[in-house]
Each structure stands twice: as structure tokens, then as C-alpha cells.
2 protein chains.
Amino acid sequence: MKEQQKLTEEKIFDAAVAVFEEKGLAGARMQEIADKAGINKALLHYYYRTKEKLFDAVFEHMAGFMFNKLFGCLDQKLPWKEKVALFYKEHISFLQSHPILPAFLLNEINQHPERISRFFTSERITLLRQNLFDQLEEDMKQNRMMRMDKMQLLINLIALSVFPFAAKGLLEKLLEQENITFDEFIEKRKKELPGLVINSVKIR
Amino acid sequence: MKEQQKLTEEKIFDAAVAVFEEKGLAGARMQEIADKAGINKALLHYYYRTKEKLFDAVFEHMAGFMFNKLFGCLDQKLPWKEKVALFYKEHISFLQSHPILPAFLLNEINQHPERISRFFTSERITLLRQNLFDQLEEDMKQNRMMRMDKMQLLINLIALSVFPFAAKGLLEKLLEQENITFDEFIEKRKKELPGLVINSVKIR
DNA sequence: GTCTATAGAAGGATAGAC
DNA sequence: GTCTATCCTTCTATAGAC
């Protein structure tokens, strides 16, 4: 009954997450999702009507997961240096648990940018300004860091952590030649990035 | 005759580049490529046999285009500071002319990493070591820059320029709220990145 | 709620005329 | 070399029994 239904719907959803993450909307097959969930195709449509609707549910969930986590780290009330340290610690650990999530999201967003409008509301941006940009402005005014465009700084912060995951396939090929694993590379990165970023905006 | 054949094959190829770049292998439709080339589906198969083979030709060409340009900038015999300046000038200008190329390549590489083995040979890596890493090692030894992992530094360099393009759809949504266009954002970035990167590895 | 069987559409590929 | 017409597989979606 209710309990069993929950389980089936969940099994479908989890299988859909796995397949969509790996293959994307266009490349995913309903049959593969059904197989992975241990049920048949008809049940997918019973619970989610269409492939698109199933994908929407998956995308919505994963995008929320990612962005809430990301903004969550940046919203903390902490001095700049500590905020950077916390951000990379938390955020990269999150990415290590979900290594192909960035590639999936970036690709689907490029395909249909309107999908994320709901996550980048003006309220969300206002919050970002209050919790991050105002703080940076204060630090710059006090000469505690180099004056620079705050949005550029935010993108730098994110690029340095997210890009290696978005380019995981490429990076692994590159690292193969150096006899180092992706995980080792990321682990080292997690330690080095905070110092690097703080250094990059230091006034000498 | 020969001349006309060249033109048709070229029209197909160009149309295929446009459609595959936008939709990816799985999302692209032979019909759309044919329409864009101004011919019919049958001709696609006459020239390229299968969708896969057409895609292979497109991918091979675009990947070569991207990586040759990228490594080309880094191979120059120039002091570190000038190399960084040249790299961002050349490389970002290239990306501005091909803004959706990174997203396309990264996605297809994640889907089939073996496709790029041919571009990351041990010879190519050896060249990179000689032309970039050895130089960095020398600069570090002379205390002209902070000691750090050279591969990490290379990825930082690339992440900062490539990520905004790989995340173009997302970034545009974010910038919308700030009333700034993607192009303006990139133009500013092109000016600011060299100083930032050099600063980030400076010894104080 | 879950299954089997199948409809129906889409898309890749080919045959054959010109 | 190029076209029209069509085949055939794949995939989404539904009908209907249990």
C-alpha cells in the first residue's frame, strides 16, 4: 500500500537520477531506467506520465540540491578568509560525493537555460549581495583585499572547484599520463585552493 | 564535378558542426542537419555513411581545433608573466569566436573519454612538460613564484577561462539579474585574469 | 499497483529513379 | 551526385488483463 508505493516511486526516481546524470535527457532511455529500477516501462509512465515529466522531477531535485549547497556555504556569516576555507572544504566534499552532477547540470542548463530561472530569482541574488558582496565591498574599502569586480570573483571561486568535475573525463585522460588519479588530484586541490584564492586578491 | 562535390560535402560538414555543437550527438537529428545544409537526408548518408561517422568527423575536427589552439598558446617560449598574458589574450579571443565549443567538447568527452586519447598522447604531454612545466620549475627554484603543483596550476589557468563558457547558459541567467551581458562579462575578464593569476602565485 | 503486449511516432538508413 | 519514397529499428506511450 502507501509504504510500498513510496518505495516503487523512489526506486524509479533514483534510477532516473542515475541514468539521466550519466546520459542526459536526450541520451537516456526509459527502458534503461526501468531495468535499473527493477520494474517495467509501463510503471514509469504510471508514476510520471512522460519522459519529460520524469526528467523535470530529476532536474529540479538535483539542481536544488546543488545550488542550495553552493549558496549555503557562501551565505554563512564569516570573515572572508574563513568563508573561502569553509566553502572549498564543504563544496568540494559535496562534489566528491556527486562527481558527475556538475557536467549533467551545466549541459542541461545550456540546453534549456529557462529551467534554472526558478533558482536564480531576484530574491536569491539579493541574498547573495547581502551575504557576500556587501562583505567583500567592506573588505575592499578597508584595504583588506584588492578591489575587483565581485561577480568575477564569485565566478573565479566556483570555476576553480567546479571545472575539474565538469571536465572529469578530459582531466582523467590528462592525469593518466602523470600516473595520478582524479581523486588524488582533487584531494590535493581541496587543500591548496583556499590559500591560492586568498593570495590572488591580497594587497602587497 | 570535383568543385561542386567539395561544396556539398562542406555544406554538410558545416551544418553538422552547428547542429552537433548545439544539440550534442544524442540530441542531434539528421533531418535538421540536412535542412540546415539545404539538402536531403539521403545525401548525408551518401557522404558520411552513418550519423556516428559524421559525428566522428565533426568531433575530431573541433577537438583538434580547440586543443591545438590551447596548447599552441602555452608552447610559446616566453617568460611566465608574458605567457599568461598571451594565453588569456589569445585563448579567450578564440573562445569568444566559439562560445559553445567548450560545453560541446566537455560533454562529449565525458560521454566517451576515449575519443580524446589521440590528442593527449605521451608525446603531447612530454612537449607540455618541456615547454611549460620545466619553465615553471625553474621559476620556482629561483623563487620567482610560489612553489606548487604544476598540473594544478595549469588546470587553474584553464578553469578560469573555460568555465564561464562551459557554464554560459547558467552565467547568462545570473548576469541577467545584474543587467550585464555575457560579452561584457568576458571582455572584462580578459583584462583582469592575467594580473589575478600572476598575483595568485606571487611570493610576498 | 504491476505486468504483458502492442500501438504509434520518430529517426536512421537504403533502394532505385533521374 | 541528388532526389523521392520507403524500409526498419528504436523508443515513447497506452490498452487491458490480473
Side-chain angles (χ1 to χ4, degrees), chain A residues 1-62 104 107-108 110-112 114-115, chain B residues 1-62 104 107-108 110-112 114-115:
Chain A
M1 35 227 73
K2 198 74 191 300
E3 197 48 28
Q4 176 57 24
Q5 174 177 348
K6 189 66 196 298
L7 278 174
T8 302
E9 191 163 352
E10 234 169 47
K11 275 194 299 184
I12 292 175
F13 189 82
D14 293 347
V17 166
V19 175
F20 280 132
E21 256 198 352
E22 192 187 331
K23 306 276 175 73
L25 171 56
R29 294 295 164 250
M30 293 297 264
Q31 185 63 61
E32 189 180 351
I33 296 175
D35 291 347
K36 184 156 289 189
I39 49 107
N40 61 19
K41 274 194 297 178
L43 260 194
L44 296 183
H45 291 95
Y46 175 79
Y47 282 101
Y48 290 93
R49 285 288 295 165
T50 69
K51 184 186 180 186
E52 293 275 331
K53 287 197 204 313
L54 176 53
F55 178 82
D56 286 346
V58 167
F59 180 86
E60 186 87 349
H61 183 261
M62 298 316 278
F104 165 68
N107 192 49
E108 300 300 339
N110 281 328
Q111 232 41 233
H112 293 285
E114 67 280 5
R115 279 194 206 280
Chain B
M1 35 228 69
K2 198 75 190 300
E3 196 49 27
Q4 176 56 24
Q5 174 177 348
K6 188 66 196 298
L7 279 174
T8 302
E9 191 163 352
E10 236 169 44
K11 276 194 297 183
I12 292 175
F13 189 81
D14 292 347
V17 167
V19 175
F20 280 133
E21 255 199 352
E22 194 188 329
K23 308 276 176 73
L25 171 56
R29 294 295 165 250
M30 293 298 264
Q31 186 62 60
E32 189 180 352
I33 296 175
D35 291 346
K36 184 157 286 190
I39 48 105
N40 59 23
K41 272 195 299 178
L43 261 192
L44 296 183
H45 291 95
Y46 175 79
Y47 281 102
Y48 290 94
R49 285 287 297 165
T50 69
K51 185 187 182 186
E52 292 276 329
K53 287 197 205 311
L54 176 53
F55 178 83
D56 285 347
V58 167
F59 180 87
E60 185 87 350
H61 182 261
M62 299 315 278
F104 165 68
N107 192 50
E108 298 302 337
N110 281 328
Q111 230 45 231
H112 292 286
E114 67 282 3
R115 280 195 205 280

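Treat the numbers as computed from the prediction; the structure is a model and nothing was measured. Order of the sequence lines sets the chain letters (A, B, ...), proteins ahead of strands, with each chain counted from 1.
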Is the phosphate of [N], meaning OP1 or OP2, less than 4.0 Å from a side-chain N or O of [X]?
X: B:Thr8; N: D:dT2; value: yes
X: A:His45; N: D:dA13; value: yes
X: A:Arg49; N: D:dT14; value: yes
X: A:Arg29; N: D:dT12; value: yes
X: B:Asn40; N: D:dT2; value: no

Expressed as a whole number of angstroms, how long is the span from [X]:[atom1] to [N]:[atom2]?
X: B:Ile39; N: D:dT2; atom1: CD1; atom2: P; result: 8 Å
X: B:Ile12; N: C:dA13; atom1: CD1; atom2: C1'; result: 15 Å
X: A:Tyr48; N: C:dG1; atom1: OH; atom2: P; result: 12 Å
X: A:Leu44; N: D:dT14; atom1: CG; atom2: P; result: 13 Å
X: B:Leu43; N: C:dA17; atom1: CG; atom2: P; result: 18 Å
X: A:Ile33; N: D:dA13; atom1: CD1; atom2: C1'; result: 14 Å
X: A:Leu25; N: D:dC11; atom1: CG; atom2: C1'; result: 13 Å
X: A:Phe55; N: D:dT12; atom1: CZ; atom2: P; result: 13 Å

Need to verify one output field. Residue with the more 5' nearest nucleotide on DNA chain D, B:Tyr46 or A:Gln31?
B:Tyr46
Less than 4.0 angstrom from a charged side-chain N to a carboxylate O is my criterion; do B:Lys36 and B:Asp14 meet it?
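Here B:Lys36 does not pair with B:Asp14 in a salt bridge, since their nearest N and O are not under 4.0 Å apart.
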Looking only at side-chain atoms of [X], point me to the closest of [options].
X: B:Tyr47; options: C:dA13, C:dT14, D:dG1; value: D:dG1
X: B:Lys51; options: D:dC3, C:dC3, C:dA13; value: C:dA13
X: A:Ala42; options: D:dA13, D:dA15, C:dT14; value: D:dA15

Looking at side-chain heavy atoms only, is the closest gap between A:Gln111 and B:Lys23 below 4.5 Å?
yes
Can you confirm whether A:Leu54 sits close enough to A:Ile33 that some side-chain heavy atom of one is under 4.5 Å from a side-chain heavy atom of the other?
yes
With a non-hydrogen cut-off below 4.0 angstrom, is B:Ala34 in contact with a base, only sugar-phosphate, or nothing?
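It contacts nothing in the nucleic acid.
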Does B:Lys41 contact C:dG12 through a side-chain donor or acceptor facing the base, at a distance under 3.5 Å?
yes
Mark yes or no for whether B:Glu21, through its side chain, and B:Phe104, through its backbone, hold a donor-acceptor pair below 3.5 Å.
no
Please check: side-chain N/O of A:Lys53 versus main-chain N/O of A:Tyr47, any donor-acceptor pairing under 3.5 Å?
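Side chain of A:Lys53 to backbone of A:Tyr47: no pair is present.
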